[in-house]
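So you know, we letter chains A, B, ... as the sequences are listed, proteins then strands, and number each from 1. All values below were derived from every heavy atom in this structure, side-chain atoms included, with hydrogens, water molecules and symmetry-related copies excluded.
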Number of protein chains: 2
Amino acid sequence: MDLINIYECLCDRTRLRIVNLLQQGPLCVCHLQAVLGEPQVKVSKHLGYLKNHGMVSVSREGNWRIYRIAAKPTPALTANLACLQDCATENPIFQRDLARLRKLDLTCAPVAAKRGSTKRCC
Amino acid sequence: MDLINIYECLCDRTRLRIVNLLQQGPLCVCHLQAVLGEPQVKVSKHLGYLKNHGMVSVSREGNWRIYRIAAKPTPALTANLACLQDCATENPIFQRDLARLRKLDLTCAPVAAKRGSTKRCC
DNA sequence: GACCTATATTCCTTCGATCGCATACAGGTT
DNA sequence: AACCTGTATGCGATCGAAGGAATATAGGTC
């Protein structure tokens, strides 16, 4: 990922919130949806955008897609993600999102998937 | 300047190159034009964009407008500009721009304006 | 196989960003 | 005042991005 690509990924509010959340670790789409409070189609499209531009990757876990920050970030990406994480501590929206994330029942996917047996995720 | 604003300013190649150049110090429009090799209207508009979004400020020096990075950057801006400068060292386009900048006759504006007497800038 | 859940995709609309041309404007020079 | 230089702005065209509704897909459960 080169610089322009990175900034293009981060210049949308929804994507920025997604990346902020993914910095805490992998998440399935419905958890992101729940935290963001945005419609499924919107979240899915922005995740697709981030994936196509190399900022995140996906894996499958039964019915869920687990998104995470790209495994081999370029130096520029590493630097910018670190910078973002720094800046996020001062940002009320980001902090609210992180608080919501903590309140979610994370025994859901992908953890629950490993246990089998959960019918519904979110 | 909040994060989104910063990323919006930086997500265009021309603006990114401008900001990279301005990190070296104030510059007049025609110098930017010369280094970037872009039409006047394009440079001027992107400078206007950066100004309206609070990333740069302008001053007048005779016939020239001198642009510089905003005087009182927010913490987020400071962090991102530092990050950008780091990343710029690995970027061939940025390095080429900086090389071109060094080759310019900087006895022009605003230096020349202080001396008076120069008819043409670029 | 019928149905549910999680997610992606298609189609369409809307909106904003970028660009170039032409022109305006402001200060300096003659 | 006429003219030049440096820079901004208005207008119109184009292009892509974002959003939503509806639909498709794929795996799981009964």
key: Validation row: A:Leu10, A:Ile6 side chains within 4.5 angstrom (heavy atoms)   =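 Yes, close enough: below the 4.5 Å cut-off.
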Any side-chain heavy-atom pair of B:Pro73 and B:Met55 under 4.5 Å =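 They are not in side-chain contact.
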Candidate nucleotides [options], ranked by approach to the side chain of [X] - the nearest:
{"X": "A:Cys28", "options": "C:dC21, D:dA8, C:dT7", "result": "C:dT7"}
{"X": "A:Asp12", "options": "D:dA18, C:dT7, D:dA21", "result": "D:dA18"}
{"X": "A:Lys42", "options": "C:dA6, C:dT7, D:dG19", "result": "D:dG19"}
{"X": "B:Tyr49", "options": "D:dG20, D:dA26, C:dT18", "result": "C:dT18"}
{"X": "B:Trp64", "options": "D:dG27, C:dT9, D:dT7", "result": "D:dT7"}
{"X": "B:Cys30", "options": "D:dT7, C:dA6, C:dT7", "result": "D:dT7"}

[N] phosphate, OP1 or OP2, under 4.0 Å from [X] side-chain N/O:
{"X": "A:Tyr67", "N": "C:dA8", "result": "yes"}
{"X": "B:His46", "N": "C:dC19", "result": "yes"}
{"X": "A:Arg65", "N": "D:dA26", "result": "no"}
{"X": "A:Ser44", "N": "C:dA8", "result": "yes"}

ask   = Linking I/L/V/M/F/W/Y whenever any side-chain heavy atoms sit under 4.5 Å apart, do B:Val41 and B:Ile18 land together?
value = no
request  = Assign A:Arg13 to base, sugar-phosphate, or nothing according to its heavy-atom contacts below 4.0 angstrom with the strands shown.
outcome  = nothing
ask   = On DNA chain C, nearest-nucleotide positions of B:Glu38 versus B:His53: which is more 5'?
value = B:His53
query = DNA chain C: B:Pro39 or A:Leu47, which has the more 5' nearest nucleotide?
reply = A:Leu47
request  = Decide whether a cation-pi geometry holds between A:Arg15 and A:Tyr49; the criteria are a distance under 6.0 Å from NZ or CZ to the six-membered ring centre and an angle within 45° of the ring axis.
outcome  = yes
message = If you go through the side-chain atoms of A:Gln40, does one of them form a donor-acceptor pair with the base of C:dA6 closer than 3.5 Å?
response =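 Under the 3.5 Å cut-off, the side chain and the base do not form any donor-acceptor pair.
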task = Might you confirm whether atom CZ of A:Arg100 has over 12 heavy atoms from other residues, nucleotides or ligands at distances under 6.0 Å?
result =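 Result for CZ/A:Arg100: enclosed.
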